[in-house]
Number of protein chains: 4
Amino acid sequence: MTQLETPPAAPKLGRKRDHTRDAEILDAALDVLADTGYAGMTVDMVAARAKAGKATLYRRWASKSELVIDAVACMKQIDPDFSKLPDTGSLRGDLVAMIKAPSIAEGERKMRVFAGVMSMISDAPELTESIHAAIVEPRMAVNRFLLQRAIDRGEIRADADVETLALISQAMVSYRVLMLREPVTRDFLVSVIDGVIIPAVRK
Amino acid sequence: MTQLETPPAAPKLGRKRDHTRDAEILDAALDVLADTGYAGMTVDMVAARAKAGKATLYRRWASKSELVIDAVACMKQIDPDFSKLPDTGSLRGDLVAMIKAPSIAEGERKMRVFAGVMSMISDAPELTESIHAAIVEPRMAVNRFLLQRAIDRGEIRADADVETLALISQAMVSYRVLMLREPVTRDFLVSVIDGVIIPAVRK
Amino acid sequence: MTQLETPPAAPKLGRKRDHTRDAEILDAALDVLADTGYAGMTVDMVAARAKAGKATLYRRWASKSELVIDAVACMKQIDPDFSKLPDTGSLRGDLVAMIKAPSIAEGERKMRVFAGVMSMISDAPELTESIHAAIVEPRMAVNRFLLQRAIDRGEIRADADVETLALISQAMVSYRVLMLREPVTRDFLVSVIDGVIIPAVRK
Amino acid sequence: MTQLETPPAAPKLGRKRDHTRDAEILDAALDVLADTGYAGMTVDMVAARAKAGKATLYRRWASKSELVIDAVACMKQIDPDFSKLPDTGSLRGDLVAMIKAPSIAEGERKMRVFAGVMSMISDAPELTESIHAAIVEPRMAVNRFLLQRAIDRGEIRADADVETLALISQAMVSYRVLMLREPVTRDFLVSVIDGVIIPAVRK
DNA sequence: CGATAAACGAGACGGTACGTCGCGTCTTCTG
DNA sequence: CAGAAGACGCGACGTACCGTCTCGTTTATCG
């Protein structure tokens with residue numbers, strides 16, 4: 001996340017910042033992003049669509065890039081609560097169950113937004129860490145957790161390269177969206193699971 | 001490719017366009033792209049490095065993006081001559097041998113170009129074709145060939161998902177370059193081979 | 001009560017245009033104009049000297065020429081207070097005394113601006129009005145006044161062509177500056193007075 | 001004049017320069033000059049109107065300014081042959097007779113061209129000498145000659161400032177054309193003669 | 001008479017300034 | 001004070017023009 005928690009000793013003088021605007025602005029940003037892409041998007045467009053002033057945006061986010069990062073990050077979070085993850089008893093079952101989560105293949109706008117946010121990365125090298133933390137790491141953590149659970153119960157090889165394997169599906173999805181511009185279908189994700197991950201970890 | 005076709009009724013008067021400049025300009029563009037990324041690249045930089053006037057660039061390409069698209073499309077291709085590929089007798093040996101091939105060393109610039117150019121893919125869907133064709137597909141073809149050879153000699157599972165596996169290293173490299181912004185080291189590539197590909201195809 | 005004459009539909013929202021910048025920019029323009037002439041002057045030079053952005057200039061003036069026209073029109077005028085003019089008792093004394101007036105010394109820049117700006121007069125007929133009003137007419141008025149005073153006291157011919165004579169020194173100065181590109185020295189001005197004006201009006 | 005004498009050791013090989021094009025090009029230049037002014041005039045326009053290549057122009061004149069100078073200089077020369085000057089027996093008669101020469105007030109195009117060429121001066125300080133020699137000096141020489149003849153026959157003061165007086169009508173005409181943008185009428189010229197020159201030289 | 005060398009129309013070339021537009025900041029006014 | 005509106009400094013974009021160079025062609029003189 002880019003903007004953070006209220007300062008501990010805020011004297012809260014004057015008018016309070018209207019945080020209901022945050023969501024409206026972020027949603028306007030996503031609209032513009034989906035319509036025009038990151039490069040075509042201008043801060044004035046977002047402000048105009050949100051009926052907000054530019055200063056209001058910059059009071060909340062330091063730059064266009066951070067606004068977009070936050071917009072994407074807040075789009076839909078993978079639930080970070082491991083206790084709510086599916087537990088089907090098999091690694092393959094778990095992974096396939098994750099596919100149904102709306103976080104991956106949710107719709108046209110989301111995919112265009114994802115492409116849009118990727119296109120921003122090289123503009124703002126200093127922000128890749130934020131993007132990684134906000135978008136990638138949560139999903140990797142889930143994969144890591146599921147793999148480790150499978151190791152713990154003796155289902156898969158103990159020496160599986162968890163770190164690399166956890167990365168694979170993210171890398172494959174990104175690649176498909178960005179380069180091949182094909183939708184991330186269930187079949188595609190299953191083929192990654194069945195063609196790569198499961199074979200690689202079987203004993 | 002962006003500009004091409006011979007005009008049908010060209011009386012071809014006046015000084016001819018110097019097409020040797022095309023390659024020099026495109027090469028200068030790739031240099032700048034690798035150095036600064038797409039956003040940091042300016043048309044004046046490219047013109048200066050190519051010792052050309054800006055008008056000369058705009059006579060050939062309608063915009064900065066079209067210049068970049070063409071530059072990527074015209075990047076030197078990996079030699080598709082399969083007969084020159086290493087043949088160590090084992091799939092792992094072949095894959096590791098590929099790492100040392102100049103495609104990696106010389107591919108350094110290519111990868112930086114790749115990273116630099118990502119910031120415009122959402123604006124220019126046709127760019128992805130260029131990138132795919134120039135950077136990704138040649139390497140996938142090599143992987144496909146090596147995997148198939150290993151299947152043919154019975155070294156690995158006959159039902160290995162060659163297409164998906166051939167994609168993996170490219171996807172992982174892309175991801176590392178774009179998202180993680182870490183160099184593509186030999187160790188990283190070996191960990192992909194030993195942690196994913198080889199385990200996934202062993203009988 | 002204060003704003004009864006507000007523009008009909010001007011809601012005057014947003015930051016007000018800082019009209020103190022107008023004068024600073026115009027003065028910078030005159031400096032550059034005096035230094036380099038109209039052709040040598042670039043909008044970036046003016047912006048840099050005024051520590052302003054180019055867009056700020058173009059928000060106020062539609063083009064380089066309009067900026068220059070305004071700059072000339074807004075040049076400080078010669079003080080039209082005839083009571084402060086020298087009164088030496090003779091026309092020749094008055095005219096020579098005018099030479100020492102700061103209108104010449106301080107008028108150095110003015111003349112260089114004048115020279116600089118000539119290169120655009122054929123494009124901008126309205127510029128000639130500005131030049132005439134700002135540079136020429138004030139001095140002609142002084143000449144006219146001094147000549148008439150000399151007539152009134154019977155010093156010179158009553159039928160002297162005041163209008164034409166008042167124009168002469170300005171025309172000669174213009175010619176010297178523009179065509180001969182020689183500095184407007186005291187000796188030159190004295191030679192106009194003694195070689196033309198005084199002989200022409202003597203009884 | 002800008003370009004001139006044949007190189008002494010010209011081997012005169014190859015195709016001869018077609019000097020009939022000179023006049024056509026200069027005339028085209030005058031047309032464009034009258035239409036658009038010096039600043040609005042482009043070398044390509046002149047070349048196109050003359051159905052000539054740009055190189056053909058630059059083979060003859062070193063720059064746009066020199067082309068224009070030549071065009072104006074060749075427009076209509078004051079006859080430099082003093083023996084053909086009018087000799088009416090009086091200075092005033094001579095000067096008035098000169099007015100009828102077509103060189104001064106000849107028409108709308110000529111005046112616009114004159115304004116156009118004046119507007120060029122500050123762009124090319126190094127060319128003022130040429131302009132002076134081509135346009136101004138010939139007319140001054142006539143004035144000088146007429147004044148000196150009047151002195152020699154004892155008609156006017158022997159100590160008249162010939163140099164300054166010779167300049168006056170040029171300066172006044174220039175001023176009227178450039179600054180006042182009024183046509184150079186016969187009445188105007190007569191008023192200069194009768195209001196300034198003649199009074200200034202009478203004994 | 002054919003070779004040769006220069007001039008020709010056309011237009012691409014390297015440069016430079018123009019006028020536009022976007023980012024991120026600052027200023028004004030309203031609630 | 002926060003918020004909407006929009007001007008500000010900055011800097012890159014894409015265009016137009018200058019003066020040069022290179023095409024392929026035409027024309028005059030020389031061998």
Side-chain angles (χ1 to χ4, degrees), chain A residues 11-18 21 39-45 47-48 50-65, chain B residues 11-19 21 39-45 47-48 50-65, chain C residues 11-19 21 39-45 47-48 50-65, chain D residues 10-19 21 39-45 47-48 50-65:
Chain A
K12 52 180 183 168
L13 282 177
R15 178 170 168 179
K16 294 279 183 62
R17 184 173 294 177
D18 177 5
R21 307 294 341 247
M41 156 185 176
T42 74
V43 177
D44 289 275
M45 282 182 196
K51 290 204 181 302
K54 246 195 320 181
T56 300
L57 274 68
Y58 279 101
R59 213 173 284 122
R60 290 164 162 81
W61 299 280
S63 67
K64 175 182 166 182
S65 343
Chain B
K12 56 179 182 166
L13 279 174
R15 177 175 177 176
K16 299 295 169 58
R17 187 170 292 179
D18 178 3
H19 284 287
R21 303 301 338 250
M41 156 185 177
T42 72
V43 178
D44 287 278
M45 282 182 198
K51 291 200 181 305
K54 226 179 357 165
T56 298
L57 274 68
Y58 280 100
R59 211 173 283 120
R60 289 163 162 79
W61 300 278
S63 66
K64 177 181 165 183
S65 17
Chain C
K12 54 178 183 163
L13 277 175
R15 178 175 175 175
K16 297 299 168 54
R17 188 170 289 178
D18 179 3
H19 284 286
R21 306 291 348 241
M41 157 185 176
T42 72
V43 178
D44 286 278
M45 282 183 199
K51 292 199 180 307
K54 231 187 341 175
T56 297
L57 275 68
Y58 279 101
R59 212 173 283 122
R60 289 164 162 79
W61 298 280
S63 66
K64 176 181 167 183
S65 16
Chain D
K12 54 180 185 168
L13 282 177
R15 179 173 171 178
K16 294 283 182 64
R17 185 172 293 179
D18 178 4
H19 283 287
R21 307 292 347 240
M41 157 185 176
T42 74
V43 177
D44 289 274
M45 283 182 197
K51 290 203 182 302
K54 243 190 330 178
T56 301
L57 274 67
Y58 279 100
R59 214 173 282 120
R60 290 163 162 80
W61 299 279
S63 66
K64 175 183 167 182
S65 343

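When reading the values below, keep in mind they use all heavy atoms of this one structure, side chains included, and skip hydrogens, waters and symmetry mates. Residue numbering restarts at 1 for every chain, and letters A, B, ... go by the order of the sequence lines.
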Using whole Å, report how far [atom1] of [X] lies from [atom2] of [N].
| X | N | atom1 | atom2 | value |
| --- | --- | --- | --- | --- |
| D:Leu13 | E:dA5 | CG | C1' | 6 Å |
| D:Arg60 | E:dG9 | CZ | C1' | 12 Å |
| D:Leu57 | E:dA7 | CG | P | 15 Å |
| D:Asp18 | F:dT25 | CG | P | 21 Å |
| D:Met45 | E:dG9 | CE | C1' | 19 Å |
| A:Trp61 | E:dT25 | CH2 | P | 15 Å |

Notebook entry, point to check: What are the two closest heavy atoms between C:Met41 and C:Met45, and how far apart are they?
Noted result: CA-SD, 4.3 Å
Note to self: If I compare all heavy atoms of D:Lys54 with all of D:Ala47, which pair ends up nearest, and what's the gap?
What the structure shows: N-CB, 4.2 Å
For [N] and [X] - does any side-chain N or O of the residue sit under 4.0 Å from the phosphate oxygens OP1/OP2?
| X | N | answer |
| --- | --- | --- |
| D:Lys64 | F:dC18 | yes |
| A:Tyr58 | E:dT25 | no |
| C:Arg21 | F:dG9 | yes |
| B:Lys16 | F:dG24 | yes |

Notebook entry, point to check: If only atom types and distance count, is the side chain of C:Arg60 paired as donor or acceptor with the main-chain N or O of C:Arg17 below 3.5 Å?
Noted result: no
Notebook entry, point to check: Which sits closer to the 5' end of DNA chain F, C:Arg15 or C:Ala52, going by the nucleotide each is nearest to?
Noted result: C:Arg15
Notebook entry, point to check: Heavy atoms under 4.0 Å, any strand shown: does A:Met41 hit a base, just sugar-phosphate, or nothing?
Noted result: sugar-phosphate
Next item on the list: Under 4.0 Å between any heavy atoms, over every strand shown, what does B:Arg59 touch: base, sugar-phosphate, or nothing? Just pick one.
Entry: base
Notebook entry, point to check: Which residue lies toward the 5' end of DNA chain E, D:Lys54 or B:Ala55, if each is placed at its nearest nucleotide?
Noted result: D:Lys54
Per [X] side chain, nearest of listed nucleotides [options]:
| X | options | answer |
| --- | --- | --- |
| D:Val43 | F:dC18, E:dC18, F:dC8 | F:dC18 |
| A:Asp44 | E:dC23, E:dG9, E:dC13 | E:dC23 |
| C:Arg17 | F:dC8, F:dC18, F:dG24 | F:dC8 |
| B:Thr42 | E:dC13, E:dG24, F:dA12 | F:dA12 |
| D:Thr56 | E:dC8, F:dG14, F:dC23 | E:dC8 |

Next item on the list: First locate atom OG1 of A:Thr42, then atom CG of A:Asp44, and finally report the distance between them rounded to the nearest 0.5 Å.
Entry: 5.0 Å
Margin query: Using side-chain heavy atoms (C-beta onward) and a distance below 4.5 Å, is D:Arg59 in contact with D:Thr56?
Written below: yes
